[in-house]
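Inspection log for the structure reproduced underneath, given as structure tokens.
Not measured: the values here are computed from a predicted model. Atom set for the values below is all heavy atoms of this structure, side chains included, hydrogens, waters and symmetry mates excluded. Counting starts at 1 for both ligands and their atoms, in listed order.
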Amino acid sequence: MDPERFRELGYRTVDRIAEFLKGLRERPVTPGESPAEVRAHLGNGALPERGAAPEELLEEAWRLLAGHSLLNGHPRFLGYVTSSAAPLGALADLAAAAVNPNVGGWTLAPMASEIEAQTVRWIAEFLGYPPSCGGLLVSGGNMANFVGFLAARRAKAEWDIRAEGAGCRRMTVYASSETHTWVQKAADLSGLGTQSIRWIPADRDFRMDLSELRRAIEADRAAGHLPFLVVGSAGTVSTGAVDPLPALAEIAQEHGLWFHVDGAYGAPAAALPDAGEDLRGLRYADSLAVDPHKWFYAPLEAGCTLVRDARRLQETFDYSPAYYHFDGEEEEQRLNYYALGPQNSRGFRALKVWLGLRAAGREGLARMIGDDIRLSRLLHREVQKREDLEALTQGLSVTTFRYVPRGVDRTDPAAAARLNELNEQLLNRIQAGGEAFLSNAVIEGKFALRACIVNFRTEQADIQALPEIVTRLGRETEAALAATSAIGRPAPPTAG
Ligand SMILES: *Cc1c(COP(=O)(O)O)cnc(C)c1O
């Protein structure tokens, strides 16, 4: 592709994107198509034998993507912990891909490596974590937590675990029952096995129970195991609960354990002026995971691990192979990211994060995060006002609630299963309908609708419209369920 052609196609692509962004609010959040419908749009042609004109390909690709995607940039997308992406990030990714630095080695990516280092330091500063820390960008929260986990395992094993593996003695991890599933993957992939995880019960506010934690560590010690890691959550996925991080840090220190904080979602809220001491306690972590593709509004993918003692990453990952000669001549040490994490070749993820931080500034970013939290609290209040909705939890920017039709006694155990089914079906209806997008949580056995606002496009009016949408679809769901249970239910088995 010659440069003039690139210019022409690029302008056209940017024009399409700009129109798309302009029209987001007018579109359904999702077309709600089935896999078969989506495949039918795509077609099932074989790998093309001959090439085709990029102009048509780009147009077709855009048509497929823009017309048949869930739009997490939509102001009424409030699902999971997926954020709306700053448009600046899309331009950053284009620029990063065009220069294509390989941020595995400094020599291959001099400026990009330095920008990543600066980005990591700024993230630490924003979160109130010591800026002298080490760190790097990875693909997301799972990998960011995994990197912290591996650093802990390397640091706390009493033998050369990188050479000998995990078999010598059981190493045990302490995480609350509300912890994200990354911890299972990490225990599994690191060779410790998921049986190394001690699931510590959570209290009524979904925070780790401290006396249970102490008891579990002591029991493992007594049994001859090697407790090595306490995992705290700075914002759980289900309810946005924040573990008492300073207390966890103290217990970890008392027992000589590594303290890791999963702040994939909630860590950025520590930068708010009214952040509580429990959340600010993330500064005591030996390692901390945070997801720039969540509350820093970077496009996917960008996760980040910070490690208090910068040497820990190199101790965990470096093998300095003979075929790399990256050290240069000068005294100054060169930053070779391949030696600090699991990846070898690495893309320039940092650019979109770095630009996002600069464009918003500390003040702008804190304001957007604060707005999301305020909107979530507003939703909780709006839900409380309605007779046919039951507000369940509110933490950070997560509100959970459920639809309870008038006349149903929500404390009646016989109604519990029915309410769960009703709300599960309702969620399906909401998700397919495209008016707004919610996800779910299970709160003390109750199937709940869950709105998590990580979205700078959501406005007060979007939140105020939500209870009405939910109750209308709730009534429709109820009617549909009543119809199927009258007509569609198989006949009960006859006696004999
Ligand atoms: C999102 C999330 C993760 C996983 O992060 P990914 O970016 O999806 O890999 C882990 N922990 C928490 C608390 C999260 O919110």
Side-chain angles (χ1 to χ4, degrees), residues 70 72 77-85 89 123 127 135-150 152 173 175-189 197 199-200 202 205-208 229-243 245 248 259-270 278-279 281-282 285 287-306 341-343 347 349-350 352-353 356 369 372-373 376 393 395-400 438-442 450-455:
L70 174 142
N72 54 35
F77 174 82
L78 312 173
Y80 307 102
V81 192
T82 298
S83 72
S84 278
I123 290 174
L127 304 178
L136 82 171
L137 297 189
V138 292
S139 55
N142 260 35
M143 284 307 294
N145 282 306
F146 190 30
V147 165
F149 188 100
L150 290 173
V173 184
S176 96
S177 50
E178 296 293 306
T179 308
H180 187 280
T181 54
W182 71 263
V183 74
Q184 280 125 308
K185 286 194 184 177
D188 171 5
L189 295 174
I197 306 170
W199 296 102
I200 309 301
D205 297 321
F206 309 100
R207 293 144 47 88
M208 196 193 292
L229 170 63
V230 175
V231 174
S233 290
T236 61
V237 269
S238 285
T239 65
V242 176
D243 281 328
L245 301 179
L248 293 187
F259 179 40
H260 173 79
V261 170
D262 175 6
Y265 159 44
D278 279 345
L279 181 55
L282 58 74
S287 55
L288 170 65
V290 59
D291 245 346
H293 68 210
K294 290 176 175 168
W295 243 341
F296 290 159
Y297 311 103
L300 298 161
E301 303 163 338
C304 176
T305 310
L306 303 175
Q343 276 183 280
R349 290 194 179 95
K352 59 194 171 194
V353 183
I369 294 167
D372 287 343
I373 294 175
S376 178
T393 66
L396 295 180
S397 66
V398 179
T399 290
T400 64
L438 303 176
S439 53
N440 81 288
V442 175
R450 172 180 171 284
C452 178
I453 307 175
V454 193
N455 193 333

>> Nearest 0.5 angstrom please: Y265 OH to T236 OG1, how far?
In response: 8.5 Å
> Going by distance alone, is a donor N or O of one side chain under 3.5 Å from an acceptor N or O of the other, for T400 and R450?
Replying inline: no
> Can you list the residues that meet the ring pair (Phe, Tyr, Trp, His ring centres under 6.0 Å) rule with F146, with sequence neighbours excluded?
Replying inline: none
>> Can a side-chain donor-acceptor contact be found between N145 and H260 if the only test is distance below 3.5 angstrom?
In response: yes
> What residues come within 4.0 Å of ligand 1, counting heavy atoms only?
Replying inline: V81, G140, G141, N142, N145, H180, W182, G235, V237, D262, A264, Y265, D291, H293, K294
> Can a donor-acceptor pair be found between the side chains of T82 and N72 at a distance below 3.5 Å?
Replying inline: no
> Of the non-hydrogen atoms in P268 and I369, which two are nearest, and what is the gap between them?
Replying inline: CB-CD1, 3.6 Å
